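Worksheet: the structure to be examined is printed underneath.
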Protein chains: 2
Amino acid sequence: MLLPYEQIGYIGAMTDFPNDVTPDRLCKADALPPSDQHARQYAAVRSAHETELLEDYVELIADLLQHQGEARSTDVAARMGVSQATVSKTVARLKSLELVSSKPYRSLFLTEKGEAMAAMSHQRHAIVLKFLRALGVSDHTARIDAEGMEHHASQETLDIMQRFSREQERGSS
Amino acid sequence: MLLPYEQIGYIGAMTDFPNDVTPDRLCKADALPPSDQHARQYAAVRSAHETELLEDYVELIADLLQHQGEARSTDVAARMGVSQATVSKTVARLKSLELVSSKPYRSLFLTEKGEAMAAMSHQRHAIVLKFLRALGVSDHTARIDAEGMEHHASQETLDIMQRFSREQERGSS
DNA sequence: CTACTATTTTAGCCAAGGTTAACTTATTAG
DNA sequence: CTAATAAGTTAACCTTGGCTAAAATAGTAG
């Protein structure tokens with residue numbers, strides 16, 4: 001029963017919990033949020049989830065357009081680490097959402113809407129990545145974590161991250 | 001095949017990036033990583049994804065056990081913001097993974113394995129939440145963002161976050 | 001122009017995570 | 001003890017995001 005993280009104030013559910021020992025002092029410091037609020041939090045995560053993949057595709061397509069001049073689905077497949085068939089299907093979805101445009105058997109382009117999403121996404125990605133590095137996270141890890149985290153940072157958090165990176169920068173130069 | 005950037009480490013898109021300043025000179029500094037590495041990053045995100053929901057359920061069940069003495073699926077449903085049928089199905093999966101145990105129509109318990117997962121998950125959650133607050137993020141936002149981010153923070157990042165929170169604490173007291 | 005190769009799409013499969021609606025089991029009020 | 005209500009399960013369905021295998025299209029070499 002090793003909990004070297006007592007400082008967090010929330011002591012995990014390690015003990016069996018006879019009903020008569022629901023200690024008030026614990027509940028107070030450490031109560032669950034009201035159900036509906038709790039539900040809203042999870043809903044937010046689920047909804048972020050839905051757009052995550054789409055954003056990743058759009059961001060990648062934008063990167064390919066910028067760096068290679070064109071975005072072919074074979075490259076998308078290779079970089080996403082999925083099959084071409086999967087790319088085809090996802091692209092169909094992106095098209096139906098009017099984020100991507102393309103003619104059959106031709107390479108991919110972003111619509112206005114897609115460009116806007118890519119720009120947002122790219123910006124967030126950059127902010128999170130820069131922040132993690134400013135924090136002291138290694139380059140390799142920062143890249144992986146940023147990929148996952150970028151979709152879950154709210155504007156407020158992004159602003160704070162950006163400020164932090166800037167201050168760090170100023171301090172160290 | 002082509003990738004002239006193969007030797008360049010991925011620098012990422014680091015600048016703040018006013019939209020009208022997507023300059024060519026940036027492109028150099030801003031190469032794509034090699035395909036296979038890129039693919040591995042996305043694979044990592046996908047794999048984190050797979051366990052996310054399971055961890056959230058397990059964590060919630062642990063919380064309910066601790067705070068209410070029992071974990072009923074109706075409460076899980078209310079707090080997750082999903083239907084009871086969904087909980088039933090997910091719990092079936094958790095049982096098949098030996099994370100949860102329960103008898104039909106009775107409340108839920110964690111197995112050893114489930115407890116271990118809950119403890120880990122809880123710890124990470126707490127670290128991320130505390131970190132965000134130490135950074136200056138509001139309580140409300142910190143809760144939402146922590147829920148989403150906790151699954152994407154590697155051990156290295158968690159360690160750094162924890163250190164940061166501790167220093168912050170020491171500094172302000 | 002034809003044939004070969006590379007790329008893209010389509011079809012059919014699967015598991016996960018959601019939904020409603022209908023059914024079963026538990027709990028509780030009279 | 002019985003009947004009403006609450007809680008949990010099951011069945012049937014949907015969408016997403018993977019996969020493989022096969023078909024269609026594009027690009028290229030002879």
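Values in this document were obtained by computation on a predicted structure and should not be read as measured data. Order of the sequence lines fixes the chain letters, A, B, ..., with proteins taken first and strands second; residue numbering starts at 1 for each chain.
Using modelled atom types, no side-chain atom of B/K130 and backbone atom of B/S165 make a donor-acceptor pair closer than 3.5 Å. Of the possible donor and acceptor atoms, none in the side chain of B/S101 sits under 3.5 Å from a partner among the backbone N and O of B/T111. Remark: side-chain polar atoms of A/D145 are not paired, donor with acceptor, to backbone N or O of B/A153 under 3.5 angstrom.
The salt bridge (charged side-chain N to carboxylate O under 4.0 Å, His left out) check on A/R46 picks up nothing, with sequence neighbours excluded.
The separation between A/E70 atom CD and C/dA6 atom C1' is 13 Å, rounded to whole Å. Rounded to whole angstrom, the span from the CZ atom of A/R106 across to the P atom of C/dT8 amounts to 10 Å. The OH atom of B/Y105 sits 14 Å away from the P atom of D/dA7 (whole-angstrom rounding). Rounded to whole Å, atom C1' of D/dG8 lies 16 Å from atom CG of B/L94. Between B/D56 atom CG and C/dA16 atom P there is a gap of 17 Å when expressed in whole angstrom units. Per the geometry, CG belonging to A/L54 stands 12 Å off C1' belonging to D/dT15, to the nearest Å. Following rounding to the nearest Å, A/E52 (CD) and D/dT15 (P) show an atom-to-atom distance of 21 Å. For the pair B/K103 NZ and D/dT9 C1', the computed distance is 17 Å after rounding to whole Å.
Of all the residues in residues 82-92 of chain B, B/Q84, B/A85, B/S88 reach under 4.0 Å from DNA chain D with at least one non-hydrogen atom.
For A/H151 and A/E52, the side-chain atoms include no donor-acceptor pair closer than 3.5 Å.
Put simply, A/R72 has no side-chain N or O that comes within less than 4.0 Å of OP1 or OP2 on C/dT7.
Contact check for B/M117 versus B/L110: no side-chain heavy atoms found under the 4.5 Å cut-off.
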